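Since the structure is predicted, the reported quantities are computational estimates derived from the model, not experimental observations.
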Amino acid sequence: MKRTQTMMYGLMSVLAASVLAMYVYFFDRLEEKPEAVAENYFLHLKDQDFDRLYNLMSIESLEQSGMTREQFVQKYKTAFVDMGVSHIEINAGTPIHMESTSDYSVDYTAEVHTVAGELQENDKLILIQENSGDRKVWRIRWEPNLLLPNGVNLNSKAVEK
């Protein structure tokens with residue numbers, strides 16, 4: 001009887017340790033990483049999917065701009081149509097932890113093909129963590145020039161249609 005009881009305790013310990021190890025392994029995989037947010041940003045930018053790009057932006061930075069989802073999507077769609085953007089090629093680095101904060105930065109180069117020719121843009125994403133319900137998520141700090149090549153004014157008459 002004592003031998004059976006010892007075996008049961010041993011088996012239960014191994015089972016508990018296995019469950020804990022699986023939880024830690026899968027939880028780490030489920031947690032959103034800055035790399036995944038940056039990859040999604042570049043993918044949605046290439047696809048000119050401004051609705052999905054909006055979802056990646058920091059709520060705080062969008063609130064500061066006063067821009068709603070509809071305004072964000074419409075302004076960028078209009079700007080990209082007005083420029084005649086046919087496609088975008090992106091060469092991005094990997095997210096680098098910024099020493100002064102818990103944020104990450106990603107340097108990238110975007111080559112924007114338009115009816116007027118190619119525009120080359122060197123830019124930087126800043127990834128910050130925000131609270132979303134009971135967990136923290138990575139988001140991109142939005143700035144007005146983030147999605148547009150230098151020299152393109154988001155508030156120009158052509159874009160304000």
Side-chain angles (χ1 to χ4, degrees), residues 22-161:
M22 286 176 40
Y23 173 78
V24 168
Y25 175 78
F26 286 111
F27 183 76
D28 184 51
R29 296 214 181 279
L30 294 175
E31 185 178 311
E32 189 176 47
K33 305 242 187 250
E35 294 86 356
V37 174
E39 287 175 22
N40 283 332
Y41 170 83
F42 297 127
L43 176 67
H44 299 322
L45 182 58
K46 285 181 187 179
D47 293 340
Q48 298 177 43
D49 188 342
F50 304 110
D51 194 54
R52 287 194 174 164
L53 281 168
Y54 183 90
N55 292 334
L56 297 175
M57 301 300 151
S58 129
I59 293 170
E60 181 182 333
S61 62
L62 288 170
E63 285 176 350
Q64 288 174 356
S65 77
M67 199 178 318
T68 66
R69 174 187 295 276
E70 292 76 23
Q71 291 169 329
F72 179 93
V73 171
Q74 187 58 44
K75 282 186 183 254
Y76 286 109
K77 273 186 182 176
T78 301
F80 276 63
V81 166
D82 287 350
M83 290 188 305
V85 175
S86 58
H87 70 280
I88 302 169
E89 296 174 30
I90 296 174
N91 184 10
T94 56
I96 298 171
H97 187 261
M98 298 169 68
E99 290 182 23
S100 59
T101 65
S102 62
D103 302 342
Y104 282 77
S105 69
V106 181
D107 292 322
Y108 70 96
T109 302
E111 192 172 290
V112 182
H113 298 266
T114 71
V115 293
E118 295 175 7
L119 302 170
Q120 183 132 350
E121 176 75 9
N122 295 317
D123 215 335
K124 178 183 294 205
L125 289 181
I126 304 295
L127 296 125
I128 61 174
Q129 271 194 317
E130 287 187 329
N131 291 322
S132 178
D134 60 345
R135 65 186 187 113
K136 290 194 175 260
V137 295
W138 287 100
R139 293 292 176 254
I140 296 165
R141 182 181 303 142
W142 178 81
E143 297 174 9
N145 64 341
L146 181 62
L147 299 172
L148 296 170
N150 282 329
V152 176
N153 184 356
L154 186 62
N155 295 318
S156 71
K157 290 293 179 199
V159 176
E160 285 293 322
K161 289 183 182 177

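Distance check: Trp138 CH2 to Gln129 CD gives 4.0 Å after rounding to the nearest 0.5 Å. Residue Gln74 holds its CD atom at 7.0 Å from NZ of Lys77, rounded to the nearest 0.5 Å. Taking CD1 of Ile140 as the reference point, atom CG of Leu125 lies at 5.0 Å (rounded to 0.5 Å). The structure places CG of Leu53 at 10.0 Å from CD of Gln48, a figure rounded to the nearest 0.5 Å. Atom CD1 of Ile128 is separated from atom OG1 of Thr101 by 9.5 Å, given to the nearest 0.5 angstrom. The distance from atom CG of Asn55 to atom CZ of Arg69, rounded to the nearest 0.5 Å, is 4.5 Å.
Judged by distance alone, with hydrogens and angles left aside, the side-chain atoms of Glu130 form a donor-acceptor pair with the main-chain N or O of Ile59 at under 3.5 Å. Looking at Thr78, its side chain never comes within 3.5 Å of a backbone N or O of Lys75 through a donor-acceptor pair.
Scanning all heavy atoms of the two residues, the minimum distance from Gly66 to Gln71 falls at O-OE1, 3.6 Å. Heavy atoms only, all atoms of each residue included: Tyr104 and His97 are closest at CD2-N, 3.5 Å. Across every non-hydrogen atom of Leu62 and Ser65, the tightest pair is O-OG, 2.7 Å.
The pair Glu32-Arg139 meets the salt-bridge criterion, since a charged nitrogen lies less than 4.0 angstrom from a carboxylate oxygen. Electrostatic pairing of Asp103 and Arg141 counts as a salt bridge here, judged by a charged N lying under 4.0 Å from a carboxylate O.
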Less than 3.5 Å apart, which donor and acceptor atoms pair up between the side chains of residues 34-46 and the rest of the protein, not counting sequence neighbours?
unit_1, atom_1, unit_2, atom_2, d
Asn40, ND2, Ala36, O, 3.3
Tyr41, OH, Tyr108, OH, 3.3
Tyr41, OH, Leu146, O, 3.4

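With contacts defined as side-chain heavy-atom distances shorter than 4.5 Å, the pair Phe72/Glu70 does not qualify.
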